[in-house]
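To start, the structure under review is shown below, and the notes come after it.
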Number of protein chains: 2
Amino acid sequence: MAARQLDFYFDYLSPYAYFSWRWIQAICKKYGLTLNAHPVVFGKLLDHWGQLGPAEVPPKKAALYKYCYRYAQLNGFDFNPPLNHPYNPLPALRLSLPGIAGDAQHQLISAIFEAGWSRGIDLASEADLANVLESLGLNSSEMLKAIKTADVKAELRQETAQAIARDVFGVPTFIVDGELFWGNDQQEHLDIYLQGNDPLNRPKVEEMLARHRGIDRKTLIQRHYKK
Amino acid sequence: MAARQLDFYFDYLSPYAYFSWRWIQAICKKYGLTLNAHPVVFGKLLDHWGQLGPAEVPPKKAALYKYCYRYAQLNGFDFNPPLNHPYNPLPALRLSLPGIAGDAQHQLISAIFEAGWSRGIDLASEADLANVLESLGLNSSEMLKAIKTADVKAELRQETAQAIARDVFGVPTFIVDGELFWGNDQQEHLDIYLQGNDPLNRPKVEEMLARHRGIDRKTLIQRHYKK
């Protein structure tokens, strides 16, 4: 029988994706899950769902950076965000595709996240990324050449499209048994779910979600319902 | 000397505002803070910051309802959302203004939140709201008449405008000593802050926030920078 799978969707733009990458590997090990790491383009998720990212609302960016700094301090690791933020995450994401990173994928993801969000390198810089690759004994020039091919670019677009097709609207997202959990704050609930103790009353949730919408903002109606 | 103040910004549309209302009163008591409860129009915050609310992205609404249901179960209270959601929150918000609710304000906020999110009444219905008011011994017909006056409508608009002027972008938001915390998941950090043990390195955060933006989405640029 194939091992139970957990799909993890991430973009290096998100510090929460980094935070959850720090614990999701242990959770998967604890429950014997195969961890499938999917790099996706967060900006494309936002475009699709018509949403802004946290770094796109200035006071939200400030509040969340403070949250991140406190979270890292309280959890015993360094928080030093990538040199410029937002930045172009495409080279880092393409390097992290299974077809490029191969067996080193999880190790590479850990190294890129840690370099970007704990040591503050420029995650858009191919030179900085090359250093990360070399530190793992990977062939940086070959890999950086490979990510410029049309096939690899298509692979990342496909990962993103597949994520959207599975209703992924943000990062980090975890999907196990078709159940979607979004956000670093889902650790407790995901753990309880995997223990087999999920308190969710599914018929009740389905009933709630099928209820009538009493009102909608004009801007929302224009964006979603009049196209 | 005046007591230290904590400003709490909420809209009944948000289950997280309800969840945090359940603990913020105890936090304020613990640290001797005066709790100032500010009803604000969440939709206007979203309009201002160009953002969508959680209930406006269908898979996000589903994931968050599940989160809420699990959270309530694990924290030992009932979760039954308002009959229709989203709904028009204006009557409930206006009833909760200090000028209308007076000394009963906190008690009224607790009662409306509990009726809406634990017992699932229709929070847009004046008849349902009247029942909540009567259960507290308040004069519902007088209060429901008062909220139709121009002065009261202006008071809610003013609360919302003042919140935006203080960089409030979502609910629940807590501001103490000018420090903004957003979201139900801030309980731990807020508590540590109030203990006087905030681990935040402020110069470092300021330096981070002043950094260059390496890239922006076209849609964002259109929305915020080309107006």
Side-chain angles (χ1 to χ4, degrees), chain A residues 43 46-47 49-53 55-67 69-71 73-74 80-88 122 124 167-170 179-183 185-186 188-189 192 198-201 204-205 208-209 211-217 219-220 223-224, chain B residues 43 46-47 49-53 55-67 69-71 73-74 80-88 122 124 167-170 179-183 185-186 188-189 192 198-201 204-205 208-209 211-217 219-220 223-224:
Chain A
L46 296 174
D47 284 342
W49 299 108
Q51 183 65 306
L52 293 182
E56 297 178 335
V57 178
K60 192 168 184 178
K61 181 176 176 181
L64 296 188
Y65 261 33
K66 289 180 177 180
Y67 176 85
Y69 190 84
R70 290 180 178 121
Y71 176 92
Q73 284 277 108
L74 295 170
N80 288 299
L83 189 61
N84 306 312
H85 192 281
Y87 60 88
N88 176 3
D122 180 356
D167 277 351
V168 173
F169 54 85
E179 187 73 8
L180 183 153
F181 295 84
W182 166 67
D185 62 351
Q186 301 287 304
E188 181 193 4
H189 291 192
I192 289 168
D198 187 20
L200 202 63
N201 180 331
K204 193 168 168 182
V205 172
M208 282 174 197
L209 291 172
R211 284 186 195 168
H212 178 65
R213 294 178 74 85
I215 192 173
D216 277 307
R217 287 188 301 151
T219 48
L220 176 71
R223 196 173 294 157
H224 290 293
Chain B
L46 297 175
D47 284 343
W49 298 108
Q51 184 63 304
L52 293 182
E56 296 178 336
V57 178
K60 191 168 184 176
K61 181 176 177 180
L64 296 188
Y65 261 32
K66 289 179 178 181
Y67 175 85
Y69 191 84
R70 291 181 179 121
Y71 176 92
Q73 284 277 108
L74 296 170
N80 288 298
L83 189 61
N84 306 312
H85 192 281
Y87 60 87
N88 175 4
D122 180 356
D167 276 350
V168 173
F169 54 85
E179 188 73 6
L180 184 154
F181 295 83
W182 166 66
D185 62 351
Q186 301 288 304
E188 181 193 5
H189 291 192
I192 289 168
D198 188 20
L200 202 62
N201 180 330
K204 194 169 168 181
V205 172
M208 283 175 198
L209 291 172
R211 286 186 195 169
H212 179 64
R213 294 177 75 84
I215 193 173
D216 276 307
R217 288 188 299 152
T219 48
L220 176 72
R223 197 173 294 156
H224 289 294

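Lettering of chains follows the sequences in order, A, B, ..., and the numbering in each one begins at 1. Computed from a prediction, not measured in an experiment: that's the story for all the values here.
- Between the CD atom of B:Q186 and the CG atom of A:D185 there is a distance of 10.0 Å, given to the nearest 0.5 Å.
- Interface remark: A:L74 contributes side-chain atoms only to the contact with chain B (heavy atom separation under 4.5 Å).
- By number of non-hydrogen pairs under 4.5 angstrom with chain B, the leading residue of A:N201, A:L200, A:V168, A:L64 is A:L200.
- Taken to the nearest 0.5 Å, the NZ atom of A:K60 stands 4.5 Å off from the CD atom of B:Q51.
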For this session: Carefully, step by step, assess A:N80 and B:K204 under the rule side chain to side chain contact (heavy atoms under 4.5 Å, CB included).
Result: CA-CA 9 Å; A:N80 288 299; B:K204 194 169 168 181; 2.9 Å; yes
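- For the pair A:P59/B:W49, a side-chain contact is recorded, criterion being any heavy-atom separation below 4.5 Å from C-beta on.
- Ranked by heavy-atom pairs under 4.5 Å with chain A, the list B:N88, B:D122, B:V205 is led by B:N88.
- The backbone N or O of B:A55 sits less than 3.5 Å from a side-chain atom of A:R213, completing a donor-acceptor pair.
- In terms of the salt bridge (Lys or Arg N to Asp or Glu O under 4.0 Å) criterion, residue partners of A:D198 (sequence neighbours excluded) are, by chain and number, A:R202, B:R70.
- Side-chain contact between B:Y69 and A:M208 is present, with heavy atoms from C-beta onward closer than 4.5 Å.
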Problem set entry | side chain to side chain contact (heavy atoms under 4.5 Å, CB included) assessment of B:K66 paired with A:H189 | CA-CA 10 Å; B:K66 289 179 178 181; A:H189 291 192; over 6 Å; no
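- Contact of the B:P58 side chain with the A:F169 side chain is not registered, since no non-hydrogen atoms from C-beta on lie closer than 4.5 Å.
- How far CG of A:L46 is from CG of B:L52: 10.0 Å, rounded to the nearest 0.5 Å.
- When the candidates A:G183, A:A63, A:P86 are compared by the number of heavy-atom contacts under 4.5 Å with chain B, A:P86 comes out ahead.
- Every residue meeting the side chain to side chain donor-acceptor pair (under 3.5 Å) condition with B:Y71, not counting sequence neighbours, appears here in chain and number order: B:N184.
- Note: B:I192 CD1 to A:Q73 CD = 10.5 Å, rounded to the nearest 0.5 Å.
- Contact annotation for A:A124: neither backbone nor side-chain heavy atoms come within less than 4.5 Å of a heavy atom of chain B.
- With a 4.5 Å cut-off on non-hydrogen atoms, A:Y67 touches chain B through its backbone and its side chain both.
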